[in-house]
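One structure below.
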Amino acid sequence: MGNTATERINTSTEPLPNSKRMASRLWRWRKHASWFQVTLIVFLTAIGLFMLLPIIFLFNNAFKPLNELFLFPPTIWVKEPTMRNFERLFLHSAAGVVPFTRYLFNSVIVVALTLFSVIMASTMAGYVLAKHRFHFKTLIMSLIMLSLMFAPETVSIPRYIMVSGLGMTNTYFAHVLPFIASPVAVFLMKQFIDQVPDALIEAAKLDGAGDMYIFTRIIIPLIAPAVATISIITFQAVYLDMEGSTLYTQKETMKTLAYYVSSLTANLQNSVAGQSIAAACALLMFIPNLIMFLLFQRKMIQTMLHSGVK
Amino acid sequence: MNTDSGHIVEPGGSMHPAGTLPAGDSNGMDDKQRRRRYRMYRWRDYGVGYLFMLPWIIGFAVLVAFPVGWSLFNSFNKVRITPEGFKFDWVGLDNYKRAFVEDNVYSIQLITYFQEMLLMIPLILIFSFFVSLLLNQKFPGRTVVRAVFFLPVIFATGQVLTELFVQGAGKLPFIEQYNLEGLVRENVGPRIAEPVLAVLSKAVIILWYSGVQILIFIAGFQTIPKTIYEAVRIDGATPWESFWKITLPAMVPFIGLNAVFTIVDLFTFPFNPVMDHVRANMFKPATGYGYASALAWIYFAIIIALLAVVLWITYRAAKGRRAMQ
């Protein structure tokens, strides 16, 4: 890292002012830095690249032509990038009975509804768990901790019984409701609202604010980072969820994009040509997640740092 | 909901709104009144709590608590799916017995998976501790590097991970490419080679599953006051000594927390062979959902036991440290 900085200084003939400032800053830092720091950065960069490897692989895979997809041993970098995979994907999906846009529409509706209701339910619950007195608080907290450990597959049949018993099959509710009682979201919210000083709430009460007022005007603005975090986590879970589509809905018009994509690839898994469509699909499903992460990443790290423990 | 607009602050205290207060001729009467008003206040306070809790509680009860309870009930039954619906025959602990006595896959899978986990958990903890120690240093571009290490937390959940592994991104191509397997086998002998190779093939998972742990450790380092390090340095301690005497003991609770987190994370891992087995048994006519539930509950009980052990060790270690001080 240090070496590249010196090179940049020596070789740059007509540097942009910005890059020049950067370079000189790096240069100055290099003078102060010990060898320990240089090795530290080199080492961390190496591990960091290693961690990014699967994502790089995913991106490259989507642009590989068919013959490269089957290379053995598999390569990371694509040699002759092509858009053929995406073309095939769109041609294939145009042949379906239900149009592609219907799945997309369903996914958007489901994600929006779920995000809204999860944020509402978990902030409300987190607020009273942190700042109010009532019975069974410890019981609720321990239930939250326990349900974190439960693998969702084990309860899929009873869940189906509940959903169909409530008459919610083939509605958007079947997609949304299973997510509302998210233990992670409430836990994070509770930890974060704990940090809001009591004095602030007491002052508001003295000035005559009711609970609803305190909640909407004081708590919600203060916990924006936690809301961002929960949005990412929930978005992730809902956007990629297939349980709602495979178990709780039978009508093709009520299923979501994740289900559609997986059904595309599932049928084609064995066929050679299917591999290219699968590679393109994987990238397309992955990109919204990446965008969400890049948008909210800083807030999320902040939340985790402040509320994860203590 | 403006419940507390008139009488707030001190429950049963002096802030009675004018007009509702009795004339104050008898003290006992006033006291009773006060107590009643206090109870009213408390009830309203609690009521708000329940009201705000309600959406979550309903969701939890209907779609989490009830299904979990139902699966526990199922685990004591033989569940058959008939045209009229589900049929339950009470069999008591029979399902659990069969899991250990008759099933020749489950117990072996359970044991091998646990062996693997017992290797992975310390590795993840050590790796994340080490990396967070490095990330805690000051250097340019620290926020970017932190973000990169946190990135997997977003992707390493369920579906994305499954998709990545299906695509082959979980494997490390260089292990095959440079014939690393043969190299390791030749150099260290077969007995040590087996675990080493197992760890190598899991390298991506170790890296990907230490994102949150790294973050928790970094948060932990921030709770140690800088003044302690300065004081020790003045007393002539080397960085090496201050790490062992100050950093590590102060981090014990965080290591415990991370151990718990890692266990939960790994045991709800999507490619877990035990979960696969449970899922496979769910719709087999010979075994059925009742048996699959029993398998899941055995698994769950073992995780809880493991967590209890970890928490107990952490608690003891933290207590020992407090006693020493």
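We name chains A, B, ... by the order of the sequence lines, and we start the count at 1 in each one.
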| field | Heavy-atom contact with chain A under 4.5 Å, split by part of B:Phe217 | value | neither

| query | Does any heavy atom of chain B fall under 4.5 Å from the side chain of A:Val118, the backbone, both, or neither of them? | reply | neither

| said: Measuring centre to centre across the rings, with the benzene-like ring taken for any Trp, is A:Tyr127 within less than 6.0 Å of A:His132? | reply: yes

| field | Side chain, backbone, both or neither of A:Phe43 within contact of chain B (heavy atoms, under 4.5 Å) | value | side chain

| request: Check whether any side-chain heavy atom of A:Thr123 lies under 4.5 Å from a side-chain heavy atom of A:Ile219, and answer yes or no. | output: no

| request: Look only at the side chain of A:Lys205 and the backbone of A:Gly210, and say whether a donor-acceptor pair between them is shorter than 3.5 Å. | output: no

| task | Could you tell me if the ring centre of B:Tyr46 sits under 6.0 Å from that of B:Trp43? | result | no

| said: Quick check against the 3.5 Å criterion: does B:Asn258 have a side-chain atom that pairs as donor or acceptor with the backbone of B:Gln213? | reply: yes

| request: Take the angle between the ring planes of B:Tyr299 and B:Tyr113 and call it parallel below 30°, perpendicular above 60°, tilted in between. | output: tilted

| note | Applying a strict 4.5 Å limit to non-hydrogen atoms, the region of A:Leu294 in contact with chain B is neither

| field | B:Ser75 backbone acceptor or donor facing B:Asn95 side chain under 3.5 Å | value | yes

| query | Where does B:Phe130 contact chain A at under 4.5 Å (heavy atoms): side chain, backbone, both or neither? | reply | side chain

| field | Region of B:Leu307 in contact with chain A, defined by heavy-atom distances below 4.5 Å | value | side chain

| Heavy-atom contact with chain B under 4.5 Å, split by part of A:Leu143 | both

| note | Under 4.5 Å to a heavy atom of chain A? For B:Val145 that would be side chain

| query | At a heavy-atom separation under 4.5 Å, does B:Ile57 approach chain A through its side chain, its backbone, both, or neither? | reply | side chain

| message | Which atoms of A:Leu177 are under 4.5 Å from chain B, going by heavy atoms: the side chain, the backbone, both sets, or neither? | response | both

| query | B:Ile263 versus chain A, heavy atoms under 4.5 Å apart: side chain, backbone, both or neither? | reply | neither

| field | B:Phe66 versus chain A, the contacting section by heavy-atom distance below 4.5 Å | value | side chain

| said: Counting only non-hydrogen atoms closer than 4.5 Å, does A:Tyr160 touch chain B with its backbone (N, CA, C, O), its side chain (CB onward), both, or neither? | reply: neither

| Under 3.5 Å, side chain of A:Ser182 to main-chain N/O of A:Phe179, donor-acceptor pair present? | no

| field | Separation between CD1 of A:Ile119 and CE of A:Met189, rounded to the nearest 0.5 Å | value | 7.0 Å

